[in-house]
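Numbers here simply count residues along the sequence, with the first being 1. We use all heavy atoms of the structure for the numbers below, so side chains are in, but hydrogens, waters and symmetry mates are not. None of these values were measured; they are calculated from a predicted model. Atoms within a ligand are numbered from 1 in the order they appear, just like the ligands themselves.
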Amino acid sequence: MTEREPSSEQADEALKAHHKPPHSTPHSTRTLFRRLWGDYVRQHWGRLIIIFGFMLVVSALSGAYPILIGYVFNGLNIASPDLVWQIPLLIIMIAAIRAAAMYGLALQVADLSLRVTRHIQRRMASHLIMTDLRDVMSAPSGTFVSRMTNDVNVIREALVRLINNLIKDSLTIIVLIGVLISFDWILTLVVLGVYPLAMQPIIAIGRRQRHGSHQLQEQMGQTTSTLHETMKGGRMIRAYGLEDYEKSRTSRMFDLLYQSQRILAIGRARIDPILEVLGGIAIAGIIGLAGWRVLSGSLDIGHVAGFITALLMLAQPVRALGTLNTILQEASAALSRLFTLLDTPSHVSSPERPEPLNAVKGQIEFQAVNFRYAEEMTLSDINFTVTPGQTLALVGPSGGGKSTIINLIPRLFDPSAGLIRLDGQDLRQLDLNALRGAMALVSQDSLLFNDTVANNIAFGRLDADETDIRAAAQAAAAADFINDLPDGYQTVVGEEGNRLSGGQRQRIAIARAILRDAPILLLDEPTSALDAVTEKHIQAAMQTLTKGRTTIIVAHRLATVRHADHILVIDGGKIVEDGDHDSLLAKQGVYANLFESQHFY
Ligand code: ADP
């Protein structure tokens, strides 16, 4: 133990800190939208000014209609012949100008909202790509896909409504109320008294919608991941006759989805009828009142006509403002999930002032390393040192913790306690990219992307040219089969490489690692029994690869174990034996048992 090593209490604290709920994001609708505005919308101020300009035109001109109607009625009264052609012409002109402004407005708002959406999606994706593996693995991948598509759509729709309603409709309402006052201020006061009352039930519905929307989005996330699983597991489902089970599972999902959406639809459906009834009562009341005022001589007929026109025109923007709250509540659920995701801090990250990582020699040292994924200890008190150029083999029953040891070296996870050093430097003091740049990982599930063979190899070193790629393929004993593929190096390998055999995928992964030419190699040997020829190829490729590099390998083959400089037997998260092949056999312990039970092939 060294004095730099954290105590186990400290490690527990660190772990608790990690497991505490993610950074608490404020959840009030107002705060959420203020943050949306600040982080994503405000920066488009130029476009917002243009939008505002169009809105001014649309709203201001809406006040012209009731005024003109008022003129027409009073004009017909005094029989002015010119009005008969002047007014229609004016109305057509106003309509044309308003239409043009509406078109520009719709285009600008759509473009703005799409830009905001793209920004959010890019940020979410880059967060998920950069964040701790632990967080990404904490939920099925479909959940994140759903957040990036469904949730973001809900936010975009709300943003469009927000811009349109909050500014354009408010402006229109102000203009129309101004017109109402100019016609008759007493009647206007009556109208203004009625509308706020109408809003109460609408606000109550909005609150319920937020809850419902949250549930719906969760449901959508689950549906996406279930479907993803169903599609991926197609072969298993058919082979095991699980069709009925799978059908009822998906059917149940869609049923839940139906129920959540139904609840939301009911809430939305209630709003328009409520507003309709309230609007009807208001108009009826106003007509009665206006009639009485005309009879008493304090209002002329033109003004009544204008007043009612303005009132009817008010209904649409008021209604839109009424439903706006509901939409905002629904989007709040999505925003809150978005910000919670973005605010979850990364624990595995580069230090502010990383120590320089000069020519890596490749000495790796584990000192009293403990690790756990959740409650249970996965690794305890792991100590070993691999000197540069040596090969260390990890063997033992599956589930013992071998892959976990490999994962800790490129800092896919950090130890809960203890230290890991590279050339004597604590991994956490090093720049993460430099650290990972010094190693190549070949794991059993070595992922191939749905891209060409050449590009899949080139992921090892993005600046490699074609000659390097071919040389790497040659060294990995992959050149022959690649040349036999329909398009050679340009053959697209299919999702996760499913157009290639297991052995072929493995050799491409090895070629990738050879191309990377890193001083440290982390290998998870394939366990699937490969045919003798492929096995020989892979074996040869592995030998080329490990020459002169520090190698840590999860070993399943006798040949690999035999050649290793050092072997650790891992069982139940502990090192139970260590030594080389001969000394371990002589011990007659766990290793000898594994050997006898043909654990190695
Ligand atoms: P091995 O490589 O020896 O087969 P692993 O290192 O893969 O063993 O796993 C060690 C233990 O850690 C197992 O009990 C396994 O269930 C658990 N484990 C592995 N990965 C995770 C994970 N991402 N989350 C939770 N537990 C895990």
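- By the definition of a contact as any protein heavy atom under 4.0 Å away, atom 13 (C) of ligand 1 is in contact.
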Practice task
Apply side-chain hydrogen bond (donor to acceptor under 3.5 Å, both in side chains) to Glu246 and Thr230, showing your working.
Solution key: CA-CA 7 Å; Glu246 206 53 30; Thr230 308; 2.9 Å; yes
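- Ring geometry, Phe459 versus Phe449: the interplanar angle exceeds 60°, so the pair is classed perpendicular (tilted spans 30 to 60°).
- Atoms of ligand 1 lying under 4.0 Å from at least one heavy atom of Ser398, given by number and element, are 4 (O).
- Numbered from 1 in the order shown, with element, the atoms of ligand 1 that lie under 4.0 Å from a heavy atom of Ser403 read 1 (P), 2 (O), 6 (O), 7 (O).
- Between the side chains of Thr344 and Asp135, not a single donor N or O lies within less than 3.5 Å of an accepting N or O.
- Listed by number with element, the atoms of ligand 1 under 4.0 angstrom from any heavy atom of Gly400 are 1 (P), 3 (O), 8 (O).
- Residue contacts with ligand 1 include Gly401, since one or more of its heavy atoms lies under 4.0 Å from the ligand.
- Regarding atom 10 (C) of ligand 1, its nearest protein heavy-atom neighbour is Gly399 O, 3.4 Å.
- Less than 4.0 angstrom separates atom 5 (P) of ligand 1 from at least one non-hydrogen atom of the protein.
- When the options Phe413, Tyr373, Phe371 are ranked by their closest heavy atom to atom 18 (N) of ligand 1, first place goes to Tyr373.
- Proximity to Lys402 (heavy-atom distance under 4.0 Å) selects the following atoms of ligand 1: 1 (P), 2 (O), 3 (O), 4 (O), 6 (O), 8 (O).
- Of the N or O atoms in Thr404, one or more lie within a sub-3.5 Å distance of an N or O in ligand 1.
- Between Ser583 and Asp580, the side chains place a donor N or O and an acceptor N or O closer than 3.5 Å (distance only, hydrogens not considered).
- Under a cutoff of 6.0 Å and an axis angle of 45°, Arg35 and Phe339 form a cation-pi pair.
- Of the protein's non-hydrogen atoms, the one nearest atom 23 (N) of ligand 1 is Met137 CE, 2.9 Å.
- Using a non-hydrogen distance threshold of 4.0 Å, Thr378 registers as a contact of ligand 1.
- More than 12 non-hydrogen atoms from other residues, nucleotides or ligands lie less than 6.0 angstrom from NE2 of His119.
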Practice task
Please test Glu229 against Thr226 for side-chain hydrogen bond (donor to acceptor under 3.5 Å, both in side chains), starting from the C-alpha separation and ending with a verdict.
Solution key: CA-CA 5 Å; Glu229 252 173 38; Thr226 306; 5.8 Å; no
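- Ring planes of His581 and Phe595: perpendicular class, angle over 60° (limits at 30 and 60°).
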